Amino acid sequence: MSENYTNRGEYRTHKMLRQLDKRFPEDKFHIFANLYIDSDDNRFPNRQVDHLVVCRKGIFMLETKYWTGAVYHNIKLADLLRMIGVGKDGSMDGLYLVKRLLPKEVMQQGTESFTMCIKNPDNIQVYAGDENPINQVVLSGLSLNRLIQNKLNQLGIKPYIHEFVFYNYVSEDPDNKVIDLHNVLNQPYDDDYNKWGEGFSKPALFRSFYSEVHEKLPDWLGLTDDQVNAIARLIHETVVLD
């Protein structure tokens with residue numbers, strides 16, 4: 001795969017993955033970058049994947065966001081209203097404030113989840129639906145699974161794809177931060193995949209997490225060398241096409 005990146009965030013992710021590969025060579029990393037996966041969603045016939053890693057510890061899909069500002073990960077309008085006390089003790093004064101300060105895109109979300117990035121009061125970006133990073137990576141994971149599942153079943157391989165949002169902008173500026181209201185990011189290792197969370201807010205936290213995976217993941221949850229090679233070969237034949 002090409003390592004000539006114009007996106008600084010994706011370059012940093014690739015560099016980090018190469019470092020993990022060198023640190024844990026026994027895990028047999030296969031790193032795929034900037035993949036386009038056929039989708040059965042007519043709105044998005046191809047889904048782009050920033051990075052996919054196939055290794056003895058599983059399949060990891062990363063959606064990189066190199067965003068500055070205050071990032072509110074996967075929230076709802078009700079979360080923002082609750083933060084400023086709208087509706088508390090019967091008061092709705094905060095609702096006027098929200099309508100004045102936040103873009104109409106926020107107010108239109110209703111009960112839907114979205115991710116919001118506030119760079120400054122005049123630059124507030126709202127990512128909802130298929131543009132919400134967690135939705136992007138989960139849908140990409142489903143597309144990949146549907147694409148290769150039948151062939152993997154024939155080989156007797158049933159891997160689990162771990163989809164993560166990866167916020168990898170690092171800054172000492174307190175205005176640059178990821179706000180995780182639901183505590184779904186930066187989760188520690190657990191044998192239960194469902195407790196692995198939705199992603200990571202800093203590269204160091206992902207590196208620490210993977211170190212735990214390397215040390216603690218039981219062999220029966222991992223993949224053999226032959227299985228890793230078979231999955232990587234299938235991705236080359238089905239997705240990469242080289």
Side-chain angles (χ1 to χ4, degrees), residues 1-3 5 10-11 13-41 44-64 133-166 187 189-200 203 206-207 209-242:
M1 301 300 293
S2 172
E3 296 180 26
Y5 287 92
E10 291 179 17
Y11 167 75
T13 299
H14 194 87
K15 184 177 179 180
M16 179 196 70
L17 293 174
R18 291 290 299 273
Q19 291 170 341
L20 287 174
D21 180 24
K22 291 180 179 179
R23 182 179 175 187
F24 304 114
E26 63 272 32
D27 288 353
K28 308 296 183 181
F29 273 45
H30 292 260
I31 302 171
F32 300 90
N34 198 29
L35 293 178
Y36 285 86
I37 300 173
D38 288 338
S39 168
D40 53 10
D41 187 335
F44 302 94
N46 296 298
R47 293 197 176 278
Q48 189 265 345
V49 176
D50 291 335
H51 284 92
L52 181 73
V53 175
V54 180
C55 68
R56 292 193 62 193
K57 302 304 179 181
I59 300 177
F60 299 84
M61 183 178 287
L62 300 181
E63 174 67 29
T64 294
I134 186 60
N135 292 342
Q136 287 181 323
V137 71
V138 168
L139 291 172
S140 293
L142 289 173
S143 294
L144 177 63
N145 187 64
R146 283 194 287 265
L147 193 62
I148 65 176
Q149 185 178 45
N150 288 338
K151 292 183 178 179
L152 289 180
N153 286 341
Q154 294 172 10
L155 296 172
I157 304 173
K158 297 182 179 180
Y160 191 98
I161 301 175
H162 309 285
E163 302 103 347
F164 294 129
V165 180
F166 186 40
Q187 294 300 300
Y189 171 81
D190 194 285
D191 285 351
D192 183 353
Y193 290 154
N194 293 316
K195 296 181 180 179
W196 282 20
E198 296 182 358
F200 300 88
F206 179 82
R207 289 195 297 267
F209 170 79
Y210 187 82
S211 295
E212 286 191 272
V213 172
H214 172 81
E215 295 293 334
K216 299 178 181 179
L217 188 79
D219 288 341
W220 64 270
L221 283 177
L223 299 168
T224 66
D225 287 359
D226 287 343
Q227 289 174 327
V228 169
N229 291 333
I231 296 170
R233 184 167 55 251
L234 182 57
I235 290 172
H236 269 288
E237 295 171 352
T238 310
V239 182
V240 181
L241 303 176
D242 67 8

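Nothing here was measured: the structure is a model prediction, and the numbers come from that model. Positions are given from 1 along the sequence.
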Within this structure, what is the [atom1]-[atom2] distance for the pair [X] and [Y], rounded to the nearest 0.5 Å?
{"X": "Ile37", "Y": "Arg146", "atom1": "CD1", "atom2": "CZ", "value": "10.5 Å"}
{"X": "Leu223", "Y": "Ile157", "atom1": "CG", "atom2": "CD1", "value": "7.5 Å"}
{"X": "Asn135", "Y": "Ser140", "atom1": "CG", "atom2": "OG", "value": "10.5 Å"}
{"X": "Lys57", "Y": "Leu221", "atom1": "NZ", "atom2": "CG", "value": "9.5 Å"}
{"X": "Ile235", "Y": "Leu35", "atom1": "CD1", "atom2": "CG", "value": "7.5 Å"}

Q | side-chain contact (heavy atoms from CB on, under 4.5 Å) partner of Ile31, chosen from Leu17, Val54, Leu20, Thr13 | A | Leu17
**Q.** Intermediate values then yes/no, side-chain contact (heavy atoms from CB on, under 4.5 Å), Met61 and Val49
**A.** CA-CA 7 Å; Met61 183 178 287; Val49 176; 3.6 Å; yes
Q) Above 12 or not: heavy atoms from other molecules or residues under 6.0 Å from CG of Asp192? A) yes
Q. Do Asp191 and Tyr193 get their side chains close enough for a donor-acceptor pair, meaning under 3.5 Å?
A. no
Q: Could you tell me whether the side chains of Gln48 and Asn34 share a donor-acceptor contact shorter than 3.5 Å?
A: yes
Is any side-chain heavy atom of [Y] closer than 4.5 Å to one of [X]?
{"X": "Arg56", "Y": "Asp225", "result": "yes"}
{"X": "Ile59", "Y": "Val53", "result": "no"}
{"X": "Glu63", "Y": "Glu163", "result": "no"}
{"X": "Leu52", "Y": "Leu144", "result": "yes"}
{"X": "Lys158", "Y": "Leu152", "result": "no"}
{"X": "Glu26", "Y": "His214", "result": "yes"}
{"X": "Leu217", "Y": "Tyr189", "result": "yes"}
{"X": "Arg23", "Y": "Gln19", "result": "no"}

Given 3.5 Å as the limit, does a donor-acceptor pair link the side chain of [X] with the main chain of [Y], or not?
{"X": "Asp50", "Y": "Thr64", "result": "yes"}
{"X": "Trp196", "Y": "His162", "result": "no"}
{"X": "Glu215", "Y": "Glu212", "result": "no"}

Quick check, are the ring centers of [X] and [Y] under 6.0 angstrom apart?
{"X": "Phe32", "Y": "His51", "value": "no"}
{"X": "Phe24", "Y": "Phe29", "value": "no"}
{"X": "Phe60", "Y": "Tyr210", "value": "yes"}

Locate the shortest heavy-atom distance separating [X] from [Y]; write the atom from each residue and the value.
{"X": "Leu155", "Y": "Ala230", "result": "CD1-CB, 4.2 Å"}
{"X": "Pro203", "Y": "Met16", "result": "O-SD, 4.0 Å"}
{"X": "Gln227", "Y": "Gly222", "result": "OE1-O, 4.4 Å"}
{"X": "Ile161", "Y": "Gly141", "result": "CD1-O, 3.7 Å"}

Q | Parallel, tilted or perpendicular: ring planes of Phe166 versus Phe206, cut at 30 and 60 degrees | A | tilted
Q: Classify the angle between the aromatic ring planes of Phe200 and Phe209 as parallel (below 30°), tilted (30 to 60°) or perpendicular (above 60°).
A: tilted
Q: Determine, stepwise, if the pair Ser143 / Arg47 fulfils side-chain contact (heavy atoms from CB on, under 4.5 Å).
A: CA-CA 8 Å; Ser143 294; Arg47 293 197 176 278; 3.5 Å; yes
